[in-house]
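Residues take their numbers from the sequence shown, with the count starting at 1.
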Amino acid sequence: MTNPTSAPRALIMAGGGGTRFWPRSRQNLPKQFLAMRGDRSRLQETADRLEGLVAARDLMVITGKAHVARTREQLPLVPEGMVIGEPTGRDPAPCVALAAALLARPDPDGAFFPCPAAHVIEPPGMFRRALQAAAQVLEDHPKAFVTIGVPPTFPSSGYGYIHRGE
């Protein structure tokens, strides 16, 4: 993305301890593996949203160590070495930092899209267009940092704070 020869890459953050949607979601079957609408899990829906933008070989999934096998079952096209099991969940920032370090090995100038597995993002076409626009910004401004999100309606330290510059 910042390197014209780089293919777009993405990280799916598939952590979670099964507490948010209890009793349906449990420690051995957290929300990212549940089909809440239709027959696709949140994890599969996240991969579906990236289809056409990111090849399966360029998709990394970081999940809990106990959920690597289930992740591989649900996303069989993602290469085995691209499904990483964390020994202990550490929230999004360390997950993204780990992915950045691992993805920088083959392509130090490349960029990637971090995507949470548990989110519902609709319509998917609009999301894909936003990612394409972000990729273009990174092509034009390789040192830029692009974030896509929903404007907050209340302060929440659980999500952190981003102060936008010019």
Side-chain angles (χ1 to χ4, degrees), residues 1-16 31-33 35-38 40-63 71-72 74-86 89-166:
M1 296 184 346
T2 58
N3 175 346
T5 61
S6 293
R9 298 175 300 164
L11 161 67
I12 296 179
M13 298 178 286
K31 65 187 174 295
Q32 63 267 26
F33 300 110
M36 303 285 202
R37 317 168 306 155
R40 305 284 286 165
S41 71
R42 291 278 196 240
L43 175 64
Q44 291 167 319
E45 287 179 354
T46 303
D48 293 348
R49 276 192 297 276
L50 295 166
E51 194 172 320
L53 288 176
V54 178
R57 71 177 179 277
D58 294 315
L59 187 59
M60 175 178 279
V61 182
I62 297 184
T63 189
T71 299
R72 300 268 312 119
Q74 290 200 2
L75 300 177
L77 298 178
V78 174
E80 186 173 343
M82 294 293 276
V83 177
I84 310 298
E86 291 181 302
R90 296 287 181 215
D91 295 322
C95 177
V96 171
L98 173 61
L102 293 172
L103 291 170
R105 287 179 181 167
D107 185 3
D109 294 325
F112 66 97
F113 304 121
C115 301
H119 292 189
V120 173
I121 300 174
E122 292 186 335
M126 186 177 281
F127 177 70
R128 280 192 281 278
R129 285 190 298 279
L131 290 182
Q132 288 169 328
Q136 187 60 56
V137 168
L138 292 173
E139 282 287 334
D140 296 343
H141 308 281
K143 299 293 182 193
F145 181 85
V146 179
T147 184
I148 299 169
V150 177
T153 56
F154 60 92
S156 174
S157 61
Y159 295 106
Y161 296 92
I162 295 173
H163 296 281
R164 189 172 89 181
E166 291 179 35

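- Side-chain atoms of His119 and Thr46, non-hydrogen and from C-beta on, never get closer than 4.5 Å to each other.
- In this structure, Glu45 CD and Glu122 CD are separated by 8.0 Å, a value rounded to the nearest 0.5 Å.
- Taking each heavy atom of Ala56 and Leu77 in turn, the nearest pair found is CB-O, 3.4 Å.
- The two atoms that bring Val54 and Pro8 nearest to each other are CG1-O, 3.6 Å, heavy atoms only.
- Inter-residue side-chain proximity for Cys115 and Leu50 is flagged as met; some heavy-atom pair is nearer than 4.5 Å.
- With a 6.0 Å radius and a threshold of 12 heavy atoms from other residues, nucleotides or ligands, Arg40 has its CZ atom above the threshold.
- To the nearest 0.5 Å, atoms NZ (Lys31) and CZ (Arg42) are separated by 9.5 Å.
- Distance check: Thr71 OG1 to Gln32 CD gives 7.0 Å after rounding to the nearest 0.5 Å.
- Interatomic distance, Leu59 CG to Leu53 CG, rounded to the nearest 0.5 Å: 11.5 Å.
- The shortest non-hydrogen separation linking Ile12 to Ala117 is CG2-CB, 3.6 Å.
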Leu75 and Val83: CA distance, side-chain angles, deciding distance, side chain to side chain contact (heavy atoms under 4.5 Å, CB included) verdict: CA-CA 9 Å; Leu75 300 177; Val83 177; over 6 Å; no
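- A donor-acceptor contact shorter than 3.5 Å links the side chain of Arg128 to the backbone of Arg49.
- Here the side chains of Val61 and Met82 are not in contact, with every heavy-atom distance at 4.5 Å or above.
- With rounding to the nearest 0.5 Å, the separation of CD1 in Ile62 from CG in Leu98 is 4.0 Å.
- Nearest heavy-atom pair across Arg72 and Pro79 is NH1-C, 3.9 Å.
- No side-chain heavy atom of Asp58 sits less than 4.5 Å from a side-chain heavy atom of Phe112.
- Put simply, the side chain of Met60 reaches to within 4.5 Å of the side chain of Leu11, judged on heavy atoms.
- Scanning both residues, Val137 and Ala144, for their nearest heavy atoms gives CG1-CB, 4.3 Å.
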Pair Met36-Val120, side chain to side chain contact (heavy atoms under 4.5 Å, CB included): steps then yes or no: CA-CA 10 Å; Met36 303 285 202; Val120 173; over 6 Å; no
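- Judged by distance alone, with hydrogens and angles left aside, the side-chain atoms of Arg9 form a donor-acceptor pair with the main-chain N or O of Leu103 at under 3.5 Å.
- A donor-acceptor contact closer than 3.5 angstrom links the side chains of Asp140 and Gln136.
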